[in-house]
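Take a look at the structure below.
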Protein chains: 2
Amino acid sequence: MSAANLRARVRAEMTEEIKTVAKRHLATDGANLSLRAVARDLGMASSAVYRYFASRDELLTALIIDAYDAVGEAAERASAEQSTPLEKWLAAGHAARDWALASPHEWALIYGSPVPGYQAPEDTIVPATRVMLLLGATLTEAYTSGVLVYREPITGRFIEELAPIAASILPDLPARLVADTIAAFFQICGAISAELFGQLNKSVEEDRRGFFDYQLRAAAAHAGLTG
Amino acid sequence: MSAANLRARVRAEMTEEIKTVAKRHLATDGANLSLRAVARDLGMASSAVYRYFASRDELLTALIIDAYDAVGEAAERASAEQSTPLEKWLAAGHAARDWALASPHEWALIYGSPVPGYQAPEDTIVPATRVMLLLGATLTEAYTSGVLVYREPITGRFIEELAPIAASILPDLPARLVADTIAAFFQICGAISAELFGQLNKSVEEDRRGFFDYQLRAAAAHAGLTG
DNA sequence: AGAAAGCAAGAGCACTGCTCTCTTTATGGC
DNA sequence: GCCATAAAGAGAGCAGTGCTCTTGCTTTCT
């Protein structure tokens with residue numbers, strides 16, 4: 001083992017350990033993560049943590065990236081186990097919801113209100129689009145295979161704005177379906193956040209999964225995916 | 001003026017003044033409201049504020065109630081100016097979005113992630129449902145007047161759970177349309193939050209209103225309201 | 001008028017993010 | 001193998017936070 005790599009490896013392990021403890025704190029104590037408390041749990045001085053993360057915001061950013069990746073991977077994995085586009089769509093949505101229910105504070109970190117003065121850095125936007133791209137890919141598969149009933153193109157300034165970006169990210173999908181992908185993603189996030197943040201106060205308690213499924217299918221149907 | 005009422009009136013004015021300053025701080029400094037900073041702005045000791053609000057959470061709760069009322073009133077006012085159900089629906093949605101764009105931090109307070117250990121008290125749930133009830137009333141009008149094309153009832157455990165509450169809140173609406181009302185409300189909140197919290201990173205910049213309108217109409221159409 | 005209640009101020013506690021200085025330890029060139 | 005250098009940790013300290021407690025003062029009620 002080259003001695004030169006030892007420092008770097010120890011540093012990487014320490015960084016990971018800080019994130020792990022921070023996630024545990026997030027899960028138990030909620031969103032107001034205390035750097036000092038994390039340091040205390042690790043048996044080190046709070047100032048030492050600053051050797052790894054320049055600020056509390058930087059630690060949060062790292063956690064946000066991990067969270068995006070975690071939901072993304074959960075959705076992709078669940079989706080991959082299915083065969084038809086609608087099944088993939090539903091599996092992805094339910095996987096995202098399951099992940100959110102299991103890690104509510106991490107969900108709040110990424111899809112709740114941004115932390116006080118926090119400004120999302122560039123590093124976060126790529127992992128952030130992972131779930132949305134999965135939905136888009138599912139629609140693409142349905143569209144190209146003819147399973148999806150495509151109504152007609154729509155017009156509007158937002159469609160013109162969207163078209164160039166759409167062509168580079170989801171090249172085989174008409175602009176309307178790209179708009180539908182984004183809208184569906186927002187709808188799904190909205191449904192999950194609403195459930196998680198207590199918006200459906202007692203109106204549905206037992207079969208929240210069923211209600212979410214209804215909304216998931218509605219979003220799919222609006223894009224023409226009825227399976 | 002009875003001297004007995006003087007105290008109460010002064011107290012009410014002071015309470016209002018604290019809320020006003022707190023809202024100003026919220027608008028400029030973001031969500032991490034500092035009670036001490038508010039007190040400083042009012043030229044009083046921080047401990048004096050505790051005569052009016054038992055804790056920071058209680059102040060936040062008061063601001064949350066005001067915010068719910070403000071969106072609710074904006075939506076109701078805009079809706080009342082229209083004549084057809086679809087027009088009312090769209091007006092309510094756009095009014096909510098306009099309010100959110102004008103008061104992003106207050107929107108975050110009510111529809112973003114709940115503050116750390118914050119648990120919504122009972123006082124907030126009535127004003128919180130105001131916008132949703134408006135959507136439900138609009139659908140009721142469309143349904144009873146025959147403008148709405150009602151497909152067929154659906155089944156599901158969540159519908160059974162919903163039915164009794166639905167009957168007491170929106171008595172003239174079939175359970176399916178109550179579910180659609182809630183789903184539409186979640187979708188609209190999701191669309192607004194996503195736009196506000198930066199989820200549509202540069203994909204749509206100029207015509208965000210148009211994209212929101214598309215989503216609003218999609219939610220209406222799913223309930224059978226095409227106007 | 002006197003007792004009771006309401007209000008404001010200040011000090012203080014325990015906590016936070018963050019910076020600075022000081023000491024120890026590991027690394028890389030000679 | 002030695003030694004300057006860079007990295008890492010520890011501790012003190014600053015300015016800020018929510019909240020409590022005690023101390024006075026003022027208004028209200030009896």
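Below, chains carry the letters A, B, ... as their sequence lines are ordered, and counting in each starts from 1.
OP1 or OP2 of C:dT19 has not a single side-chain nitrogen or oxygen of A:Arg51 nearer than 4.0 Å. Distances shorter than 4.0 Å separate none of the side-chain N or O atoms of A:Tyr52 from OP1 or OP2 on D:dA7. Contact annotation: B:Arg36 does not reach the phosphate of D:dG18 (side-chain N/O to OP1 or OP2, under 4.0 Å). Checking the phosphate oxygens (OP1, OP2) of D:dA8, a side-chain nitrogen or oxygen of A:Arg11 falls inside 4.0 Å. For the OP1/OP2 pair of C:dA8 and a distance below 4.0 Å, the side-chain nitrogens and oxygens of B:Tyr50 include no atom meeting the criterion.
Within the nucleic acid shown, B:Ser55 comes within 4.0 Å of sugar-phosphate atoms alone, with no base atom in reach, counting heavy atoms only. At the heavy-atom level, A:Leu33 lies under 4.0 Å from the strands shown only through sugar-phosphate atoms.
Atoms CE (A:Met14) and P (D:dA8) sit 11 Å apart, rounded to a whole Å. The CD atom of A:Glu58 sits 13 Å away from the C1' atom of C:dC18 (whole-angstrom rounding). The CD-C1' distance, from B:Glu13 to C:dC7, rounds to 15 Å in whole Å. A:Leu59 places its CG atom 14 Å from the C1' atom of C:dC18, with the value rounded to the nearest Å. What separates CE of A:Met44 from C1' of C:dT25 is a distance of 14 Å, to the nearest Å. When rounded to the nearest whole Å, the span between CG of A:Leu35 and P of D:dA10 equals 14 Å. Atom CG of B:Asn32 is separated from atom P of C:dG17 by 12 Å (rounded to the nearest Å). A:Arg40 places its CZ atom 14 Å from the P atom of D:dA10, with the value rounded to the nearest Å.
Checked by atom type and distance alone, the side chain of B:His25 never pairs as donor or acceptor with a backbone atom of B:Leu33 at under 3.5 Å. Between the side chain of B:Trp89 and the backbone N or O of B:Leu216, at least one donor-acceptor pair lies under 3.5 Å.
For B:Arg77, the CZ atom is loosely surrounded, since the number of other residues' heavy atoms within 6.0 Å does not exceed 12.
A donor-acceptor contact under 3.5 angstrom links the side-chain atoms of A:Ser47 to the base of D:dA10.
Contact check for B:Tyr214 versus A:Asp180: side-chain heavy atoms found under the 4.5 Å cut-off. Within the 4.5 Å cutoff, no side-chain heavy atoms of B:Leu177 are placed close to those of B:Leu170.
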